[in-house]
Student: 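Dropping a structure here in structure tokens format, bear with me for questions.
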Amino acid sequence: MMKAVEVRKMSTAELESKLGDLKKDLFQLRLQHATNQLENPVKIAEVKKDIARVKTILREQQLAGR
């Protein structure tokens with residue numbers, strides 16, 4: 001799980017790249033969950049929260065004019 005402080009240090013390009021990676025991870029986790037191969041279902045919630053965290057920081061940067 002990522003901390004908000006770590007996310008705020010990233011540039012916009014890094015955040016967009018990280019968002020893409022997290023979405024791919026979420027897809028893979030959902031696929032594993034659907035096929036009963038996922039060992040830790042809590043991981044899905046953690047990735048969703050990380051996605052929300054990254055989106056929030058991106059929006060804050062947009063509003064700040066970066």
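Every heavy atom of this structure was used, including side-chain atoms; hydrogens, water molecules and symmetry mates were not.
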Student: Between R8 and E60, does any side-chain N to carboxylate O distance fall below 4.0 Å?
Tutor: yes
Student: Determine, step by step, whether V54 and D50 satisfy the side chain to side chain contact (heavy atoms under 4.5 Å, CB included) criterion, reporting the C-alpha distance in whole Å, the side-chain angles of both residues, the deciding distance to 0.1 Å, and the verdict.
Tutor: CA-CA 6 Å; V54 169; D50 284 343; 5.6 Å; no
Student: Backbone N or O of M2 within a donor-acceptor pair of the R53 side chain at under 3.5 Å?
Tutor: yes
Student: First locate atom CD of Q61, then atom CG of L15, and finally report the distance between them rounded to the nearest 0.5 Å.
Tutor: 5.5 Å
Student: Identify each donor-acceptor pair in which a side-chain atom of residues 16-31 lies under 3.5 Å from a protein atom, sequence neighbours left out, and give them as a table.
Tutor:
none

Student: With rounding to the nearest 0.5 Å, note down the distance linking CD in Q32 to CD in E39.
Tutor: 8.5 Å
